[in-house]
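Keep in mind the model is a prediction, meaning the values are calculated, not measured. Here, residue 1 is the first one in the sequence, and each next residue gets the next number.
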Amino acid sequence: QVQLVESGGGLVQPGGSLRLSCVASGTPFSNIDVMDWYRQAPGKQRELVARITAGGSSNYIDAVKGRFTVSRDNAKHTLYLQMNNLKEEDTAVYYCNVPTLTRTEGGLMSYKPGIWGQGTQVTVSS
């Protein structure tokens with residue numbers, strides 16, 4: 001089972017930048033296909049914000065497109081989230097995750113979140 005440790009959060013002013021890191025262990029990093037970044041703001045549901053595959057393709061929700069960049073360093077077993085031009089609405093606890101491809105009740109394949117780490121707090125405030 002993969003273990004995930006997030007770091008890099010902190011307090012930053014609007015317009016500032018942070019780079020989050022997620023170190024994965026417990027399974028060969030080369031075996032990990034999809035890796036995700038989630039966030040959970042106070043009083044809101046946890047949401048998927050970015051995804052990267054082993055092939056390097058990435059996806060982002062509209063709210064972070066053009067500002068966030070997800071990447072991975074296989075040698076360091078680490079997932080990154082570069083966050084630029086941060087806004088107050090980006091304030092949340094950020095989590096990385098390694099999802100599992102599963103079959104739904106309707107017979108469709110979908111990704112289900114795996115084990116969560118503790119997350120790292122990002123606070124954007126002036």
Side-chain angles (χ1 to χ4, degrees):
Q1 182 62 59
V2 65
Q3 293 87 48
L4 304 169
V5 179
E6 301 95 338
S7 63
L11 175 64
V12 65
Q13 293 183 329
S17 299
L18 287 171
R19 189 176 76 159
L20 307 184
S21 299
C22 170
V23 178
S25 62
T27 191
F29 198 79
S30 60
N31 289 355
I32 300 175
D33 183 13
V34 173
M35 297 190 73
D36 296 335
W37 281 104
Y38 285 76
R39 68 184 180 186
Q40 187 166 22
K44 300 183 71 68
Q45 295 181 338
R46 190 170 300 183
E47 64 175 347
L48 177 66
V49 298
R51 169 169 288 174
I52 188 169
T53 70
S57 63
S58 59
N59 300 96
Y60 308 88
I61 59 172
D62 289 342
V64 307
K65 285 181 179 178
R67 301 188 297 115
F68 291 9
T69 302
V70 62
S71 62
R72 57 196 291 173
D73 186 329
N74 292 337
K76 295 184 177 181
H77 301 175
T78 302
L79 176 74
Y80 299 100
L81 185 67
Q82 179 66 48
M83 310 166 66
N84 298 326
N85 191 25
L86 283 161
K87 305 178 182 298
E88 290 186 354
E89 50 264 42
D90 296 319
T91 295
V93 178
Y94 284 73
Y95 303 86
C96 64
N97 197 266
V98 178
T100 301
L101 188 63
T102 60
R103 192 178 303 278
T104 69
E105 188 174 281
L108 301 177
M109 301 299 293
S110 65
Y111 283 103
K112 175 184 177 182
I115 299 297
W116 299 103
Q118 294 301 305
T120 184
Q121 176 71 52
V122 172
T123 302
V124 185
S125 177
S126 60

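- Judged by distance alone, the side chains of Tyr94 and Arg39 do bring a donor and an acceptor atom under 3.5 Å apart.
- Here the closest non-hydrogen pair linking Thr78 and Ser21 is CG2-CB, 4.1 Å.
- Cluster membership for Leu81 and Ile32, using ILVMFWY side-chain heavy atoms within less than 4.5 angstrom, is shared.
- You'll find the side chain of Leu86 reaches within 4.5 Å of the side chain of Leu18, heavy atoms only.
- Judged purely by atom type and a 3.5 angstrom limit, Asp33 has no side-chain atom pairing as donor or acceptor with the backbone of Thr53.
- The distance between the ring centers of Trp37 and Phe68 does not fall below 6.0 angstrom.
- Minimum interatomic distance between Ser110 and Thr104 (heavy atoms only, all atoms of both residues): OG-CG2, 3.1 Å.
- Looking at residues two or more places apart in sequence or on another chain, you find no ring pair (Phe, Tyr, Trp, His ring centres under 6.0 Å) involving Tyr60.
- No side-chain donor-acceptor contact under 3.5 Å links Ser125 to the backbone of Thr123.
- Counting heavy atoms from C-beta outward, Glu47 and Tyr38 have side chains that stay 4.5 Å or more apart.
- Listed by chain and residue number, Arg51 satisfy the salt bridge (charged side-chain N to carboxylate O under 4.0 Å, His left out) test with Asp36 (two or more places apart in sequence, or in another chain).
- Using modelled atom types and a 3.5 Å distance limit, the side chains of Ser17 and Asn84 yield a donor-acceptor pair.
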Checklist line | Ile61/Leu48 under side chain to side chain contact (heavy atoms under 4.5 Å, CB included): CA gap, chis, key distance, verdict | finding: CA-CA 8 Å; Ile61 59 172; Leu48 177 66; 5.6 Å; no
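- Side-chain atoms of Glu88 and Ser126, non-hydrogen and from C-beta on, do get closer than 4.5 Å to each other.
- The pair Asp90-Lys87 does not count as a salt bridge, with every side-chain nitrogen at least 4.0 angstrom from each carboxylate oxygen.
- Looking at Thr91, its side chain does come within 3.5 Å of a backbone N or O of Val124 through a donor-acceptor pair.
- No more than 12 heavy-atom neighbours from other residues, nucleotides or ligands sit within 6.0 angstrom of CD on Gln45.
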Margin query: Does Val34 form a side chain to side chain contact (heavy atoms under 4.5 Å, CB included) with Tyr111? I'd like the steps, not just the answer.
Written below: CA-CA 9 Å; Val34 173; Tyr111 283 103; 3.4 Å; yes
Indicate every side-chain donor-acceptor pair of residues 4-15 with a distance under 3.5 Å to a residue at least two apart or in another chain.
unit_1, atom_1, unit_2, atom_2, d
Glu6, OE1, Gln118, N, 3.4
Glu6, OE1, Gly119, N, 2.9
Glu6, OE2, Cys96, N, 3.0

Margin query: Run the side chain to side chain contact (heavy atoms under 4.5 Å, CB included) test on Val93 and Thr120 for me, step by step, so that the C-alpha distance in whole Å, both residues' side-chain angles and the decisive distance to 0.1 Å come before the verdict.
Written below: CA-CA 5 Å; Val93 178; Thr120 184; over 6 Å; no
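- Contact annotation: the side chain of Arg72 approaches that of Met35 to within less than 4.5 Å [non-hydrogen atoms, C-beta and beyond].
- Looking at Asn97, its side chain does come within 3.5 Å of a backbone N or O of Ile115 through a donor-acceptor pair.
- For the pair Gln82 (side chain) and Tyr80 (backbone), a donor-acceptor distance under 3.5 Å is absent.
- For the atom pair NZ of Lys65 and OG of Ser58, the computed distance is 10.0 Å after rounding to the nearest 0.5 Å.
- The OG1 atom of Thr102 lies 6.5 Å from the CE atom of Met109; values are rounded to the nearest 0.5 Å.
- If you chain together hydrophobic residues whose side chains sit under 4.5 Å apart, Val70 and Val122 fall into the same group.
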